Amino acid sequence: GINPDAFSGCADLISVFYDGVASESIAALSNSRYTLYSKVEGSTSDVGSYWLYVQKNGVQKKLAWTLTSAGSLTIGGDAKMLNFDDASDAPWYPAKDSVVSVAFASNITDIAAYCVNGYANVVSLSLPQNARKIPATAFAGTGIVKNTDGYTNGLLVINGHLIKANPFKIDGNLVETFTGVVTIAEGAFDGCGVINALYVARTVQYIDSDAFKNCTVKAIFADGNAEFWSVIDAGVDFPDAKVYYKHLEEYITITDENGKTITVKTSSIDDTYWFKSGSEYVIWGCRHIYGEYTEDNNATCIANGTKTAIC
């Protein structure tokens, strides 16, 4: 047997993997701080806490999960989960139709592909703060992704992770990742077409290399300097985008040549930086709102007019 207080001093302990079915004496280890898992050899729909080894391409990992009678599924194990090739490969798949909420242990950083793919009854999702790898297939087809009423400004953000953008509800002229977004997941903007301007909040720490698959971004307003952007955009390719950085120096309010009141920097102006005047983004050196056009030729009854973007 094992004394129930054997791990009482282990403040960081979150999981106990028992190499067998937990007997009553072992079950006494159960504690609100950590989860005691019994070992199984394959898939099951049973309520309880279980673990097994999974292997792929010569790599072996522990995979654990807890299923309750209320349909709550909590996934744990090693921090970097191995991807599944199909949703049916997950050992909790037999309980698919009964699962209504999904959460992950706090140590999980890499979520497995297809882990709850197609779980239509899932209406609640909780992701760990340190999660970075979130495959597009992980939550596709779940109720929380399919129900776009839960999106904010066309964006589905779960615990700071931007999971999905609805191409029919976002404003393609300007998409703002609001403060609090930490991760932009794989395929988040897949199929969103052309985004003329993208605001990246200072809180963003990681953008998946395929976050903007099948999507063209024309301009990026980074809420930080070049160093901030170089850290978060590693591996991300925006071949068509001009990146503007946030300038933090003092500003003054002036009236431009068109009589419009705008705010500008008191010292030299550099067109690689931006600032915000009200709800509008203004580029240094241009002194106009991003996205404005100059009219080259007026339209006539027999010909269309033409305009050219200032930036």
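Because the structure is a prediction, the values reported are computed rather than measured. Computed from heavy atoms alone, side chains included, the values below leave out hydrogens, waters and symmetry copies. FYI, the numbering just counts along the sequence from 1.
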Quiz item: Is a salt bridge present between Lys56 and Asp85, judged by a nitrogen-to-oxygen distance below 4.0 Å?
Solution: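 Yes, Lys56 and Asp85 are salt-bridged.
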
Exercise. Using a strict cut-off of less than 4.0 Å between a Lys/Arg side-chain nitrogen and an Asp/Glu carboxylate oxygen, indicate whether Glu280 and Lys260 qualify as a salt bridge.
Key: yes

Between [X] and [Y], is any pair of side-chain heavy atoms under 4.5 Å apart?
X: Gln129; Y: Asn159; answer: no
X: Pro135; Y: Asn83; answer: yes
X: Lys133; Y: Asp208; answer: yes
X: Pro91; Y: Trp65; answer: yes
X: Cys115; Y: Phe139; answer: yes
X: Lys80; Y: Thr109; answer: yes
X: Asp78; Y: Leu63; answer: no
X: Glu41; Y: Lys39; answer: yes

Quiz prompt | Candidate pair Ser45 and Tyr93, rule side-chain contact (heavy atoms from CB on, under 4.5 Å), full reasoning | solution = CA-CA 7 Å; Ser45 61; Tyr93 183 78; over 6 Å; no

Looking at [Y], is its backbone amide N or carbonyl O close enough to the side chain of [X] to form a donor-acceptor pair, meaning the two atoms are under 3.5 Å apart?
X: Thr177; Y: Val181; value: no
X: His161; Y: Pro128; value: yes
X: Trp274; Y: Ala222; value: yes
X: Thr142; Y: Tyr119; value: no
X: Thr183; Y: Ala185; value: no

Does [X] share a hydrophobic cluster with [Y], counting links as ILVMFWY side-chain heavy atoms below 4.5 Å and allowing steps through other members?
X: Trp51; Y: Phe84; result: no
X: Val40; Y: Leu36; result: no
X: Phe168; Y: Val157; result: no
X: Tyr245; Y: Phe238; result: yes
X: Leu125; Y: Val182; result: no

Exercise. Check step by step if side chain to side chain donor-acceptor pair (under 3.5 Å) holds for Ser101 and Ser124.
Key: CA-CA 5 Å; Ser101 68; Ser124 175; 5.1 Å; no

Quiz item: Does CD belonging to Glu227 count more than 12 external heavy atoms closer than 6.0 Å?
Solution: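 At most 12 heavy atoms, drawn from other residues, nucleotides or ligands, come within 6.0 Å of this atom.
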
Side-chain donor-acceptor contact under 3.5 Å, [X] with [Y]:
X: Asp89; Y: Tyr114; answer: no
X: Tyr281; Y: Glu176; answer: yes
X: Lys164; Y: Tyr151; answer: no

Interatomic spacing from [atom1] in [X] to [atom2] in [Y] - rounded to 0.5 Å:
X: Leu155; Y: Thr148; atom1: CG; atom2: OG1; answer: 12.0 Å
X: Ile232; Y: Arg202; atom1: CD1; atom2: CZ; answer: 10.5 Å
X: Asp110; Y: Met81; atom1: CG; atom2: CE; answer: 9.5 Å
X: Ser230; Y: Asn225; atom1: OG; atom2: CG; answer: 8.0 Å
X: Asn117; Y: Thr137; atom1: CG; atom2: OG1; answer: 6.0 Å
X: Thr152; Y: Lys169; atom1: OG1; atom2: NZ; answer: 10.5 Å

Quiz item: Would you call the rings of Phe212 and Phe189 parallel, tilted or perpendicular, where under 30° means parallel and over 60° means perpendicular?
Solution: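 If you compare the ring of Phe212 with that of Phe189, the planes turn out parallel.
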
Self-check item: Parallel, tilted or perpendicular: rings of Tyr244 and Phe221 (30°, 60°)
Solution: parallel

Self-check item: Aromatic ring proximity, centroids under 6.0 angstrom, Tyr37 and Tyr18
Solution: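 So the answer is no for these two rings.
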
Would you name the heavy atoms of [X] and [Y] that are closest together and state the gap between them?
X: Arg132; Y: Tyr206; value: O-CE2, 3.3 Å
X: Val54; Y: Leu82; value: O-CD1, 3.6 Å
X: Thr203; Y: Gly180; value: OG1-N, 3.0 Å
X: Ala64; Y: Phe17; value: CB-CE2, 3.7 Å
X: Asn107; Y: Ala79; value: O-CB, 3.2 Å
X: Ile75; Y: Ile108; value: O-CG1, 4.2 Å

Self-check item: Leu198, Val243, Asn196 screened by side-chain contact (heavy atoms from CB on, under 4.5 Å) with Val217, the one that passes
Solution: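 Single side-chain contact (heavy atoms from CB on, under 4.5 Å) partner of Val217 among Leu198, Val243, Asn196: Leu198.
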
Practice problem: Determine, stepwise, if the pair Lys213 / Asp190 fulfils salt bridge (charged side-chain N to carboxylate O under 4.0 Å, His left out). | Solution: CA-CA 5 Å; Lys213 185 178 180 181; Asp190 189 2; 5.2 Å; no

Exercise. Give the intermediate values and the outcome of side-chain contact (heavy atoms from CB on, under 4.5 Å) for residues Glu186 and Ile134.
Key: CA-CA 6 Å; Glu186 178 187 80; Ile134 306 175; over 6 Å; no

Practice problem: Tell me, with the steps shown, if Val99 and Asn121 meet side-chain contact (heavy atoms from CB on, under 4.5 Å). | Solution: CA-CA 6 Å; Val99 176; Asn121 296 324; over 6 Å; no

Practice problem: Output, in order, the C-alpha distance, side-chain angles, deciding distance and verdict of side-chain contact (heavy atoms from CB on, under 4.5 Å) for Leu127 and Ile163. | Solution: CA-CA 11 Å; Leu127 299 176; Ile163 304 299; 3.7 Å; yes

